[in-house]
Structure formats: structure tokens, C-alpha cells
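Everything numeric in this text was worked out from a predicted model, so none of it was measured. Hydrogens, waters and symmetry mates play no part in the numbers below; they use all other heavy atoms, side chains included.
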Amino acid sequence: MTVTNVTRAVAIAIVGSSTVRGLQAPLGAELARHGFESDIRVGGFGGWALELLQDRAPVFEHDPDMTIVMLDASIVLDRLPDTWTARDVAVALDDVATTLERSVRSHAARRLTVVATVPLPAAVLSMAIDLVSKAQIGAAWRRFNARLLDLAVADHSIVVLDADAVLTESGPLSDPRMASYAGIALGNEFMGACARQIGHLTRSRLGRASKALALDLDGTLWEGVLSEDGIEGVNLKHGLTGEAYSTFRRTLRQLASQGVMLAILSKNDEALVRRALIEHPDSDMSEGDFVAIRADWNPKPGNLVAMAADLGIGVESFVFVDDSESERGAMHSALPTLPIVAVDANEPALHVVSLLRDGWFTTSTITAEDTARTTRYRTELQRRTLRDAAQDVESYLTDLDTRVVVFEPQGVEIARIAQITQRTNQFNLTTLRMDERSVRTWIDDPHRAVVAVECADRFGDHGIVGALFVERSEKTTFVRNFALSCRVLARGVETALLAHVAQSEFHTGRTELIGWYAATPKNSATARLYPDHGFRPSGGDHRGLHGLGADSEEFVLAPADVPSVPPYVDIKER
């Protein structure tokens with residue numbers, strides 16, 4: 001995995017029921033490899049319950065972005081009498097679950113809260129010598145963890161890390177000697193595996209989740225070399241190795257069904273590749289499963305850059321998978337921040353593990369826009385064909401027939417709005433990241449509003465592509481953030497939306513519209529958005545009152561300078 005440059009700070013608090021400092025170092029390392037500078041602080045020994053309810057506890061003095069709650073079986077065992085029965089365990093589990101539900105929900109109202117489920121130690125089962133009691137304890141313990149998992153279903157400000165799943169890929173839960181002598185109930189290997197999961201969760205929540213998978217073919221998607229063995233000579237499903245490749249492709253289709261875009265990046269003849277996908281008798285994937293196919297003899301890094309440009313997404317949105325060490329090395333040399341997954345043609349049974357162990361595509365929720373992503377981006381290539389054939393930009397935009405609808409999001413639409421704030425980097429004026437609860441709170445505030453936008457054109461529906469977050473005083477409307485999907489940029493959508501909002505706000509009697517631009521390494525394309533739409537530098541300074549840093553640029557728009565809706569964009573209210 002490539003180590004990225006540190007570009008952003010993230011603050012984290014860790015609380016637990018025993019010594020949890022073992023998570024601090026590996027989590028810091030995991031965050032660093034994803035490009036985050038971290039400030040991680042640890043709470044007091046066993047102080048989790050009070051700390052979660054008291055936001056002024058020392059562990060929260062650095063105002064963390066996230067709180068991690070690491071618990072062990074002692075939270076249950078400490079409530080048991082000296083001699084106990086399976087029923088005693090069930091009662092203790094129920095009491096602890098009730099306490100946890102209350103404290104975690106309360107804390108999650110203030111910040112993202114990650115809670116690990118509590119593995120059932122083998123020693124607990126061993127202390128019950130009859131099989132019925134063992135079964136009753138096992139069932140009760142699983143009901144307890146299920147209650148924790150349900151917290152994440154009901155509230156997306158809570159993430160529950162399934163410790164049992166982590167243990168299937170890590171070492172033992174703990175070392176009995178360290179647990180007894182030092183109060184370290186959760187061992188180093190387990191903590192390291194949890195840190196890996198939390199690192200990817202952080203990456204996702206801060207807008208860096210990957211959304212496309214660039215795949216090699218020979219030794220990656222199938223056994224054999226297509227250019228040498230021919231279509232009939234490559235093995236897709238026969239024998240033990242063939243079955244392993246088949247399992248890998250089935251995994252790819254599962255990811256694609258949830259919105260991950262698949263692309264082929266291969267040293268091969270493109271016509272032969274397309275024929276193989278269609279004509280091979282065992283083919284279980286078609287051209288339609290891939291958003292793009294680049295198969296030629298050019299260097300793969302250049303092809304990946306060109307593919308990203310064709311699709312209108314950043315190269316950083318990709319994960320690259322290849323069995324060739326030299327190809328992986330060339331990609332790392334050219335694109336050092338690109339996630340690269342190494343697979344081994346001699347061990348295809350490990351392909352799935354290698355791809356999934358890092359959770360590159362982890363996301364809070366899956367929306368309708370996600371599941372339709374491959375179709376949308378394939379359609380985007382049709383739009384580019386129209387643009388290339390047009391005589392000029394104006395005629396292209398007119399022929400595109402862009403239609404925009406603005407509305408206040410409700411219900412399931414709120415998840416998509418939160419996702420846009422988390423994932424959008426190029427057109428994101430102040431990079432205000434929000435979860436669903438934050439978006440709902442914003443909408444419910446009588447002095448605030450979210451103006452969402454849907455977009456469609458002659459080729460199809462883009463769905464929900466952006467939002468403005470506004471705050472209102474008696475005479476001024478503040479655009480706290482403006483985020484828009486890169487797939488609709490440079491089509492007049494941003495101009496139409498700004499014009500519509502400005503006209504609506506000034507119509508209510510307000511006399512100025514103020515917005516901010518906070519520069520990041522990725523949003524430089526929006527630096528001129530406000531000046532190019534009639535805004536001028538503000539003589540005042542409202543940044544601190546609205547949570548903006550001193551390096552943010554403030555602009556103001558007067559009623560006389562409101563931009564016009566472009567003639568090639570049809571905008572309406574829903």
C-alpha cells in the first residue's frame with residue numbers, strides 16, 4: 001500500500017474499559033499512511049461510561065473529530081457474583097447494553113462515535129461446564145452484540161466495528177498474562193487489526209473513499225496470457241485455480257452492485273480483450289460490467305490518467321490491482337499516492353483477501369446514485385463524444401439540453417446530501433463535511449436551509465449532484481458551503497444554481513449574499529467561482545461567526561450584480 005503525503009489533521013479520542021493505549025500507536029501509523037496527521041488522546045483506565053457522558057473530560061480537550069470506544073468482557077464479568085449462572089450473565093449483558101445504548105447515543109449527538117463489539121472470551125464458556133449453559137451464554141452474548149450493531153443501523157453518527165470479524169483475520173484477542181498483570185485485555189495484534197479498520201473508516205468519513213477499481217487481466221482476472229494463449233487458452237473457472245479466479249470475479253460483481261466502478265487496464269490488444277469477454281464460453285462478465293477498457297501496449301500510469309480524465313474523476317478515486325511487480329512499481333513511481341493492491345498469479349485464492357482487507361470502498365451508506373454509477377459514467381462518455389463533435393462549446397451545451405431542479409432534501413435524499421459533502425473534493429468551496437444527522441439538524445434550523453440540486457440532460461438523469469448550505473440573518477444570506485459533483489461541472493449548473501439562490505434570497509428582502517472560499521490541495525478550480533459570478537471581496541469579516549478559518553476568502557454579492565441563468569440550462573423548483 002502506498003503511503004500518502006500528510007495533508008490533513010484529524011483529532012481522535014479513545015476511551016475504554018481497560019488499558020487501551022495499545023490502539024494509539026498503530027492507529028497513528030494507519031492514519032499517516034492515508035495522509036492524516038493525527039492527535040490521538042486516551043481516556044482514563046475504565047472511565048468510558050462517565051467520559052462518554054461528560055464532554056468536558058480531559059480526553060476531549062482537543063475537540064476530537066471522532067471518539068473510539070474499546071470495551072472488553074470485564075464490563076460484563078465485573079457485574080457477576082462470585083459464582084454465577086447463565087441467567088446471571090444474560091442479566092448483566094442486558095444491563096450493560098442499556099447503559100451503552102444511552103451513553104453512546106448521547107455522545108454521538110456531538111461527534112462521530114465508533115464502538116467495537118465485545119468478543120466472548122473462550123474462558124467464560126469454559127467456566128460453564130454444561131452444554132446448555134454454554135449455549136445460553138453464547139446466545140445472550142450475541143444478542144448483546146446485536147444490540148450494539150443495531151445502534152449503527154438507526155444512527156449514522158455511530159459506527160460499530162464488528163470485533164468478531166476482525167478476529168478472523170488477526171491474532172488472539174489478548175495475552176492472559178498481560179491481561180492479568182497489566183490490565184491489557186485487548187492484545188496488540190487485535191488492536192492493530194482494529195486500527196486498520198478505523199483508518200479506512202476515517203478515510204471514508206473525510207471524503208477520501210475510493211470509487212473505481214482499475215484491473216489487470218492476465219493473472220488477475222483470469223489464468224493465462226490472452227495474447228499468447230488465445231481466447232480458448234485462458235482459464236476462467238476450471239480446476240482449483242480457475243475456481244479461485246471465478247470467486248474473485250464474483251467479488252468484483254458484488255462490489256460493482258454497490259456502486260464501485262470497474263475498469264480494465266491491461267497490456268493487451270483491445271479488440272481481443274473485448275472478444276474474450278463476449279466469446280469465451282466461461283465468461284461471466286461482459287463489456288457492460290466495466291465503465292472503461294484501456295487495453296494496449298502503452299505504459300499503464302499514463303493510461304490510468306487518461307481514463308480518469310475521460311470519466312471526469314480524479315486519479316485518486318482509483319484503486320489499482322495487478323499481479324506484476326514491475327507494473328505495480330511503475331504505477332507507484334508515477335502516481336505515489338495511488339492505492340495499489342498486489343495480487344499473485346501463483347496464489348489466486350488470496351486475490352479476494354488482498355483486495356478486501358483494506359476496505360478502500362467503505363462508505364457510510366449506499367444511495368441510488370451509487371448503484372447507478374457505472375451506467376452514469378458510461379453515459380458520460382457519450383456526452384464527451386457529443387462535445388468532441390460540436391463546433392463550439394455553446395452549441396454543445398445547447399445540444400446537451402441540461403435540466404436542473406432545486407429542492408429541499410427530505411427522507412432518503414438526506415443520505416445523498418451528506419455523501420456529497422464527504423466525497424466531493426474538487427468543487428467544494430469550504431469542505432464542510434457532514435453526516436446525515438448534521439444535515440437534518442441544518443434543515444430543521446429555521447435560520448438555515450439546504451438547497452439541493454438534481455440534474456438531467458438528453459442522455460439521462462444524473463440524480464442529486466450538489467447542494468448549497470445557507471444561513472440567514474435579517475438582511476444577509478450566508479453561503480456556508482457549496483458542493484457539486486465533478487460530473488456536471490462546466491455545464492452552467494453552478495451558475496444557474498447561484499443565480500437562482502441569489503434571486504430567491506434578494507426577493508425576500510435581504511440585501512447581500514456572502515460566501516467563502518477555503519483553499520485545499522484539490523479545490524483550486526473553484527477559487528474564481530465567486531469573483532466570476534459578480535461577487536467582490538467583502539469589506540467585513542464574518543468568518544469566525546460561521547466556523548471559517550482566518551485563511552478563508554470572503555466575498556459579497558449585491559442585488560445589482562446577480563448573475564443570469566445560462567440560456568442552455570432550464571432550472572425549476574420542485
Closest contact, heavy atoms only, [X] versus [Y]:
X	Y	value
S17	I75	CB-CG2, 3.4 Å
H62	A11	CD2-CB, 3.6 Å
T362	G359	OG1-O, 2.9 Å
M331	P301	SD-CA, 3.7 Å
Y245	A345	OH-O, 3.5 Å
A116	L148	O-CD1, 4.3 Å

Residues forming a ring pair (Phe, Tyr, Trp, His ring centres under 6.0 Å) with H156, sequence neighbours excluded:
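So H156 forms no ring pair (Phe, Tyr, Trp, His ring centres under 6.0 Å) with any residue.
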Quiz prompt | Result of checking T424, T431, N428, T421 against N481 for side-chain hydrogen bond (donor to acceptor under 3.5 Å, both in side chains) | solution =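 When side-chain hydrogen bond (donor to acceptor under 3.5 Å, both in side chains) is applied between N481 and each of T424, T431, N428, T421, only N428 qualifies.
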Given side chains that start at C-beta, do those of [X] and [Y] come closer than 4.5 Å, heavy atoms only?
X	Y	value
T202	R208	no
V76	V124	no
L215	F248	yes
R250	S246	yes
S38	I12	no
W84	S133	no
V115	L151	no
L213	L355	yes

Polar side-chain atom of [X] near backbone of [Y] as donor-acceptor pair, under 3.5 Å:
X	Y	result
Q422	M434	yes
T247	E243	yes
E554	H542	yes
Q24	I40	yes
R196	E30	no
T117	A163	yes
D39	R41	no
Q258	Q254	yes
K134	A128	yes
N145	V118	yes

Practice problem: Could you label the plane-to-plane angle of the H107 and F60 rings as parallel, tilted or perpendicular, counting under 30° as parallel and over 60° as perpendicular? | Solution: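 Tilted, since the angle between the ring planes falls between 30° and 60°.
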For side chain to side chain contact (heavy atoms under 4.5 Å, CB included), just list the numbers for I68 and L27, CA-CA rounded to whole Å, side-chain angles, deciding distance to a tenth of an Å, and then say yes or no.
CA-CA 11 Å; I68 301 168; L27 181 56; 3.6 Å; yes
For F318 and I313, run side chain to side chain contact (heavy atoms under 4.5 Å, CB included): C-alpha distance rounded to whole Å, both residues' side-chain angles, the deciding distance at 0.1 Å, then the answer. CA-CA 9 Å; F318 279 90; I313 62 177; 3.6 Å; yes
Residues [X], [Y]: salt bridge by 4.0 Å N-O rule:
X	Y	answer
R437	D155	yes
D55	R111	yes
D322	K300	yes
R33	D358	yes

How about [X] and [Y]: does a side-chain donor come under 3.5 Å of a side-chain acceptor?
X	Y	answer
D95	T98	no
S210	R203	yes
T85	D88	yes

- Considering residues, nucleotides and ligands other than R142, do more than 12 of their heavy atoms fall under 6.0 Å from its CZ?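 Not more than 12 within 6.0 Å, no.
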Report, as yes or no, whether the 6.0 Å neighbourhood of atom CZ on R110 holds more than 12 heavy atoms from other residues, nucleotides or ligands.
->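 Check passes, neighbour count above 12.
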> Can T441 and D444 be said to form a side-chain hydrogen bond (donor to acceptor under 3.5 Å, both in side chains), step by step?
Replying inline: CA-CA 5 Å; T441 300; D444 292 339; 5.9 Å; no
Problem - side chain to side chain contact (heavy atoms under 4.5 Å, CB included) between V96 and L71, intermediate numbers included - result: CA-CA 11 Å; V96 174; L71 305 175; 5.9 Å; no
Query - Partner set under salt bridge (charged side-chain N to carboxylate O under 4.0 Å, His left out) for D94, not counting sequence neighbours - result: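 D94 satisfies salt bridge (charged side-chain N to carboxylate O under 4.0 Å, His left out) with R147 only.
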| Residues two or more places apart in sequence or in another chain: which of them pass salt bridge (charged side-chain N to carboxylate O under 4.0 Å, His left out) with R480? |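 Testing R480 for salt bridge (charged side-chain N to carboxylate O under 4.0 Å, His left out), a comparison that skips the adjacent residues, returns none.
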Rounded distance [0.5 Å steps], [atom1] in [X] versus [atom2] in [Y]:
X	Y	atom1	atom2	value
F361	M261	CZ	CE	9.5 Å
I420	I464	CD1	CD1	6.5 Å
M127	L77	CE	CG	6.5 Å
I14	I198	CD1	CD1	7.0 Å
R328	I340	CZ	CD1	8.5 Å
I417	E413	CD1	CD	7.5 Å

Task: Identified ring pair (Phe, Tyr, Trp, His ring centres under 6.0 Å) counterpart of F469 within the set W442, W516, F478, F482 - done: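 Answer after filtering W442, W516, F478, F482: W442.
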Candidate pair V20 and V15, rule side chain to side chain contact (heavy atoms under 4.5 Å, CB included), full reasoning: CA-CA 7 Å; V20 291; V15 301; over 6 Å; no
